[in-house]
2 protein chains.
Amino acid sequence: MGDSQLKLSNQICFPIYSVSRLITKAYKPFLDKMGITYPQYLVLMVLWENDGIIVNQITEKLLLNTNTLSPMLKRMEKMELIERNRSEKDERSVIIKLTAKGKELKKQAADIPNELGKVLVSENVEVSDIMHLKGVLNEWIEILSENKES
Amino acid sequence: MGDSQLKLSNQICFPIYSVSRLITKAYKPFLDKMGITYPQYLVLMVLWENDGIIVNQITEKLLLNTNTLSPMLKRMEKMELIERNRSEKDERSVIIKLTAKGKELKKQAADIPNELGKVLVSENVEVSDIMHLKGVLNEWIEILSENKES
DNA sequence: TATATTTGCATCGTACACGATTTAATAGTA
DNA sequence: TACTATTAAATCGTGTACGATGCAAATATA
């Protein structure tokens with residue numbers, strides 16, 4: 001009722017916003033070595049699983065729009081991590097394919113999950129909390145992204 | 001060991017990044033009515049609790065730097081939500097004070113936590129999950145933001 | 001088949017984030 | 001006191017986010 005609900009720590013928005021940024025920072029040293037940013041890392045993870053998909057399929061997996069992805073993919077093309085080519089079957093679609101360099105980065109990235117785990121554990125983050133959080137957040141993604149297809 | 005760890009859903013980075021953006025979107029309809037953005041809302045919450053603090057104190061509470069806050073505060077000054085004045089005690093500091101308009105918004109914001117709660121519940125988000133998540137995330141903020149004072 | 005609608009992507013404008021640098025004011029110290 | 005170090009903001013450059021709009025290709029429908 002009163003003011004207490006309007007306090008930073010009492011709303012879910014601030015903690016999740018801050019932790020998201022703090023986690024991004026925890027990834028940064030590893031991504032810097034690879035010369036990529038955090039969102040670019042997410043794109044690469046999608047492509048490592050599914051090379052040769054079209055832009056729209058990436059937007060679905062990352063819940064990002066083309067207004068974010070198109071410029072980003074152009075930068076990644078300039079960095080020679082990917083290639084962008086129009087589909088011949090459907091001239092509207094753009095197929096994204098990893099270059100040799102883009103594929104190569106997967107090897108460097110292989111250790112990131114473990115390394116990051118070490119960092120978190122050394123900072124006294126509970127592994128059980130990470131696992132639980134992952135579960136809850138993945139459910140929320142399902143729920144919150146469901147009705148947004150309009 | 002294998003590839004599975006490099007999958008989107010198996011890392012903590014993607015879920016937290018996505019949920020953060022999805023939660024921001026959930027707030028948007030309410031903030032649009034007030035004509036403010038999500039980060040501006042955070043600044044206002046800080047000021048509603050502690051009016052007349054200096055920029056540096058805001059950076060500490062929100063874990064943001066002046067390179068983000070300075071331009072943002074200028075925009076908020078232009079919107080007549082706040083006033084920016086140099087401290088007389090220490091000419092380096094800039095004191096941020098809410099205007100009448102900025103204070104007025106607190107009344108409009110008072111319902112947001114409840115309204116957002118309703119939205120989440122209607123989307124079948126478990127209240128117990130929200131509470132638990134808030135607890136875990138606030139701990140993580142403590143931990144992850146600790147050694148970053150350098 | 002001509003036209004309307006939808007789809008996939010790109011572009012534009014605005015607002016963050018953030019590393020790095022700059023500037024001015026204060027504090028510390030020889 | 002003169003000089004150095006620290007501190008508080010601001011600025012710069014780059015890279016996202018995202019609502020809105022534009023455009024061409026494909027599809028649907030009269």
Side-chain angles (χ1 to χ4, degrees), chain A residues 13 17-29 31-32 35-43 53-60 62-79 81 84-96 145 148-150, chain B residues 13-14 17-29 31-32 35-43 53-60 62-79 81-82 84-96 145 148-150:
Chain A
C13 60
Y17 158 84
S18 298
V19 169
S20 175
R21 286 170 35 236
L22 289 168
I23 294 274
T24 302
K25 270 185 195 162
Y27 273 85
K28 189 160 193 304
L31 300 180
D32 277 350
I36 57 176
T37 67
Y38 185 81
Q40 289 168 5
Y41 174 56
L42 296 179
V43 169
I53 60 180
I54 68 173
V55 174
N56 218 29
Q57 290 173 304
I58 302 179
T59 70
E60 280 167 18
L62 296 183
L63 308 176
L64 287 169
N65 271 315
T66 56
N67 49 9
T68 297
L69 275 172
S70 287
M72 205 167 113
L73 292 171
K74 279 195 172 180
R75 281 188 290 273
M76 293 176 76
E77 184 184 39
K78 198 169 285 179
M79 295 161 72
L81 298 174
R84 295 160 60 251
N85 292 296
R86 289 274 161 191
S87 164
E88 295 189 359
K89 277 209 307 271
D90 184 340
E91 287 283 340
R92 291 170 304 180
S93 300
V94 170
I95 296 171
I96 307 297
S145 66
K148 310 302 185 287
E149 295 152 12
S150 61
Chain B
C13 60
F14 175 66
Y17 158 84
S18 298
V19 169
S20 175
R21 286 171 35 238
L22 290 168
I23 293 274
T24 302
K25 271 185 197 162
Y27 273 86
K28 189 159 194 306
L31 300 181
D32 277 350
I36 58 176
T37 67
Y38 184 80
Q40 289 169 6
Y41 174 57
L42 297 179
V43 169
I53 60 180
I54 68 173
V55 174
N56 220 26
Q57 291 173 303
I58 302 179
T59 69
E60 280 167 17
L62 296 183
L63 308 177
L64 287 169
N65 271 316
T66 57
N67 50 9
T68 298
L69 274 173
S70 286
M72 205 167 113
L73 291 171
K74 279 195 173 181
R75 280 188 291 272
M76 292 176 75
E77 184 184 38
K78 197 170 285 180
M79 294 161 73
L81 297 174
I82 60 164
R84 294 160 61 249
N85 292 295
R86 289 274 161 190
S87 164
E88 294 189 0
K89 278 210 305 273
D90 185 339
E91 286 284 339
R92 290 171 304 181
S93 301
V94 170
I95 296 171
I96 307 297
S145 66
K148 309 302 186 285
E149 295 152 13
S150 61

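What you see below is based on every heavy atom in this structure, not just the backbone, and it leaves out hydrogens, waters and symmetry mates.
- Between the CG atom of A/L31 and the P atom of D/dT16 there is a distance of 11 Å, given to the nearest Å.
- Nearest-nucleotide positions on DNA chain D place B/N56 closer to the 5' end than the other of B/N56 and A/Q40.
- For the pair A/V55 and A/K28, nearest-nucleotide mapping onto DNA chain C gives the more 5' position to A/V55.
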For residues 68-76 of chain A, run the donor-acceptor check on the side chains, cut-off 3.5 Å, and write out each pair with its distance to 0.1 Å, sequence neighbours left out.
residue	atom	partner	partner atom	Å
A/S70	OG	A/T66	O	3.2

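- Taking only side-chain nitrogens and oxygens, B/Q57 never comes nearer than 4.0 Å to OP1 or OP2 of D/dA8.
- Put simply, A/Y38 has no side-chain N or O that comes within less than 4.0 Å of OP1 or OP2 on D/dG15.
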Inset, instruction - Just do the side-chain contact (heavy atoms from CB on, under 4.5 Å) check on B/M79 and B/I36 with the steps written out, would you? - result: CA-CA 9 Å; B/M79 294 161 73; B/I36 58 176; 4.2 Å; yes
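- The base of C/dA15 does not come close enough to the side chain of B/T37 for any donor and acceptor atom to sit less than 3.5 Å apart.
- Rounded to an integer number of Å, the gap from CG of A/L64 to C1' of D/dG15 is 13 Å.
- What separates CE of A/M72 from C1' of C/dC9 is a distance of 15 Å, to the nearest Å.
- The phosphate of D/dT11 (OP1 or OP2) has a side-chain N or O of B/K74 nearer than 4.0 angstrom.
- Atom CD in A/E91 sits roughly 16 Å away from atom C1' in D/dT27 (whole-Å rounding).
- Considering only side-chain N and O atoms, A/R21 lies nowhere under 4.0 angstrom from the phosphate OP1 or OP2 of C/dA17.
- As judged by a 4.0 angstrom heavy-atom cut-off over every strand, B/I54 is placed among residues touching the sugar-phosphate backbone only.
- Between A/R84 and A/I95, the closest side-chain pair of non-hydrogen atoms is not below 4.5 Å.
- A straight line from CG of A/L63 to C1' of D/dT16 spans 16 Å, rounded to a whole angstrom.
- With D/dA9, D/dT16, D/dA26 as the candidates, the nucleotide lying closest to the side chain of A/R92 is D/dA26.
- Taking atom CD1 of residue A/I58 and atom C1' of nucleotide C/dC9, one finds them 12 Å apart after rounding to whole Å.
- Distance, A/E60 CD to C/dT7 P: 12 Å, rounded to whole Å.
- Taking 4.0 angstrom as the limit, A/R75 places a side-chain polar atom (N or O) nearer than this to OP1 or OP2 of D/dT16.
- Residues B/R21 and A/L64 have side chains in contact (heavy-atom distance under 4.5 Å, counting atoms from C-beta outward).
- In this model, the phosphate group of D/dA10 is approached by a side-chain N or O of B/R84 to a distance below 4.0 Å at OP1 or OP2.
- One cannot find a donor-acceptor pair under 3.5 Å joining the base of D/dA8 and the side-chain atoms of B/S93.
- Side-chain nitrogen and oxygen atoms of A/T66 include none within less than 4.0 Å of the OP1 or OP2 phosphate oxygen of C/dC9.
- At a cut-off of 3.5 angstrom, counting only N and O atoms as typed in the model, there is no donor on one side facing an acceptor on the other between the side-chain of A/N65 and the base of D/dG19.
- Contact annotation: B/T68 side-chain N/O to C/dA17 OP1/OP2 distance is not under 4.0 Å.
- Rounded to an integer number of Å, the gap from CD of A/E88 to P of D/dA25 is 15 Å.
- Base engagement by A/N67 is indicated by at least one non-hydrogen atom pair under 4.0 Å involving a base atom.
- Note that NZ of A/K28 and CG of A/L22 are 14.5 Å apart. Values are rounded to the nearest 0.5 Å.
- Ring geometry for A/Y41 versus A/Y27: interplanar angle of 30 to 60°, hence tilted.
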